[in-house]
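To start, the structure itself, in structure tokens.
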Amino acid sequence: MRHPTSVVLATPAHSGLGGPLTYTSESPLASGTLVRVPLGRRETLGIVWPAVDEPRDVDLKPIRSVLDGIAPLPDLWLQLVTFSANYYQRSIGEIALAALPPQLRDLDATQVARRLKRAAPAASGSLASRTVRPTQAQEDVLASFAADDKPALLFGVTGSGKTEVYLRAAEAMLAQQPTAQALVLVPEINLTPQLQSRFVERFGEGAVVAMHSGMTPAQRLRHWLAAHTGIARIVLGTRMAVFASVPNLKLIIVDEEHDPSYKQQEGARYSARDLAVYRGSIEHARVMLGSATPSLETWQAAQRGKYRRLELPSRIGEGALPAVRLVDMNLQPKKTVLASTLVDAIRLRASRGEQSLVFLNRRGYAPVLACNACDWKSECPNCSAYRVFHKIDRTLRCHHCGYAERVPRACPVCGNVDIAPLGRGTEQLEEHLAELLGDVRIARMDADSTRAKGSLEAQLARMHAGEVDVLVGTQMVTKGHDFRRITLVAAINADAALFSSDFRAPERLFSLLMQAAGRAGRDAQHSRASEMWVQTWHPQHPLFAALARHDYAAFAAQQLKEREQAGMPPFGFQALVRAEARTQEAAQSFLRAAAKAVQGDTSQVTLYSPVPMGIQRVANIERAQMLVECGSRRALQNFLSAWRPTLHQLRGKDVIRWAIDVDPLAI
Ligand code: ADP
Ligand code: ZN
Ligand code: ZN
């Protein structure tokens, strides 16, 4: 007997092969079973999927083999994938197969069986003796968390001991159900080792596995198997880990839930934070979202009682949050880079053996190089952007397409040798500080200085060891790190975001500055004297007033009022359709045609005209986007699902690619 069997494969979203394909198998296979099937001339990995329709194809091919050493993926996992594909307008196969460790694609049943043996538990370490006692505030939060099934927002200022709450929540869950598993999400790979070691310390080596893109294929497979077989108690990873197979999931923690890196920015543009909440609801797993500066979506959900708000209002050990000092740049001498009062403050800290952190969100030496005799600027020939001047290796580098060249000796247009940098980046700031501060030890941390493997770890270690007095960097330095000796943090040029056309820019700036401030005074001994400096041309701006009081709630209330008046998220819902083509006209006319071809009831939906994207051309490809708004999440979903086939059909050959971004973060 041959049984028709639906199988999903890794098919690109727009290949037309969106749904499951039908094969035959000799015996009925459970949904979620991993199989190898022929596809054209290749053989590929697939997942048996619940059948949607009766198979039409009469000439069905047989499944080649079944990876029967691996238990089928749980039904709830299939449900998570199906939901994600529908919600983010991608194919099920794309999301499902991307969620599996890549090495699984290349292994046959015998090889898998061998790997499974290796995933067996390393002698599960006995629970380490605990040295930390929760504070009263931590106890209260844990008790409230245990008393309610709703997703919880753990709103705790920086340094308030959120990690200890995560550890205790996991511990309580495991004490109740020894086979239970927890999923812990962190925004950045850089932050996983730190948190991982705390979980390992508490739960033992064999109980904790990591999942992120920095691991080798063999590690990823091993950790995935440990989670899937239930051996791993704690699965800790970046956004991709939200799709881990965790059959006995009882707790999901999302640390720094506001962080934009939870949203995937290519392919299937899912939000791991939002999917974590969905996953918690279908799996009856408890969800805890932690942040000192929650996303306004989450804050609003807590305000209206959808989430339960838990608070840690003060720092551990009575440490104070740093005093905020605004430097009015209007009162500084012309062309001031760093106010002299700030430089003095940094010098004083260094002389006391304390550290300072200075950040500027722009890497390289200068964002533009320009000729002083003619109009030449260091434009990228392939992009509508300037190439950045990197003095260290004397290159002009495009941060969008990667195009790099040696800095010309003279202006390529008029031959004048007087070409000079405009504006400044972290390299120049480092140089400038070195000139001003003499023998103070300065280090720089940004995407350039941390590119080589291990260099980030080395830099962090030097910082922790006190071998650096001043750390200069991009926002990379502001996230999460528990540096003990920092007593001064300075934001050099924070203003750009105040007047951005992106309605989320103030939210991002506020959270960045609060997080940055959170790096200072983490050692209660020093916290009384710690300071957060902000250089600004707009010291009267209400955002800074809220910052000075560390008043997230006031800032959120003001922003939410504006958003509500404008029908913006979280009061309205958005999607972007993006198109890329050789010409801007081709990209826009595709979007216009798609808007015209909309059918059915669209009374709830607003379609805006297509516009060029912020950086209109990248690597010689023109990019356009069209915004879709709707007052109801469900109506937007229905609209997009009905519209997607039209977009697919209308795409002419001059359109290189198009995609829908649901709940976009940057507009
Ligand atoms: P957050 O994640 O809220 O910024 P952390 O979890 O990093 O804060 O905690 C800040 C510091 O306080 C850490 O050094 C941590 O070890 C310490 N800490 C947390 N809880 C306790 C506690 N109950 N007793 C003593 N120290 C604690
Ligand atoms: Zn010139
Ligand atoms: Zn470029």
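For ligands, and for the atoms within them, numbers begin at 1 and follow the listed sequence. FYI, side chains are in, hydrogens and waters are out, and symmetry mates aren't considered; it's all heavy atoms of this structure.
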Checklist entry - For I615 and V618, which heavy atoms make the closest approach, and how far apart are they? => result CG2-CG2, 3.7 Å

Item to check | Which residues share a salt bridge (Lys or Arg N to Asp or Glu O under 4.0 Å) with D654, sequence neighbours left out | outcome: none

Checklist entry - Is the closest basic N to carboxylate O distance between R578 and D661 below 4.0 Å? => result yes

Item to check | Pair R508, S500: side-chain N/O donor-acceptor within cut-off below 3.5 Å | outcome: no

Item to check | Criterion side-chain contact (heavy atoms from CB on, under 4.5 Å) on F359 and L471, from CA distance to verdict | outcome: CA-CA 8 Å; F359 77 96; L471 184 63; over 6 Å; no

Next on the checklist: Before you tell me yes or no, could you show the steps for E297 and R504 under salt bridge (charged side-chain N to carboxylate O under 4.0 Å, His left out), namely the whole-Å CA-CA distance, both residues' side-chain angles and the distance that decides it to 0.1 Å?
Outcome noted: CA-CA 11 Å; E297 282 79 0; R504 279 197 178 81; 2.8 Å; yes

Item to check | F483 and H464 aromatic ring geometry - parallel, tilted or perpendicular at 30°/60° bounds | outcome: tilted

Next on the checklist: Listing by chain and number, which protein N, O or S atoms are under 2.8 Å from the Zn ion (ligand 2)?
Outcome noted: C371 SG, C374 SG, C411 SG, C414 SG

Checklist entry - P151 versus I252: any side-chain heavy-atom pair under 4.5 Å? => result no

Checklist entry - Which atoms of the protein, restricted to N, O or S, are nearer than 2.8 Å to the Zn ion (ligand 3)? => result C380 SG, C383 SG, C398 SG, C401 SG

Next on the checklist: With heavy-atom distances below 4.5 Å as the criterion, would you say the side chains of W376 and C414 are in contact?
Outcome noted: no

Item to check | ligand 1: protein residues within heavy-atom distance under 4.0 Å | outcome: V132, R133, P134, T135, Q138, V157, T158, G159, S160, G161, K162, T163, E164, I316, D482, R484, R522

Next on the checklist: Please verify the inter-ring angle class for F510 with F555; under 30° counts as parallel, over 60° as perpendicular, anything in between as tilted.
Outcome noted: parallel

Item to check | Where E188 and T238 come nearest, the two heavy atoms and their spacing | outcome: C-CG2, 3.9 Å

Item to check | Note, V287 side chain near E257 side chain (heavy atom, < 4.5 Å) | outcome: no

Next on the checklist: Angle between ring planes, H399 versus H390, binned at 30° and 60°: parallel, tilted or perpendicular?
Outcome noted: tilted

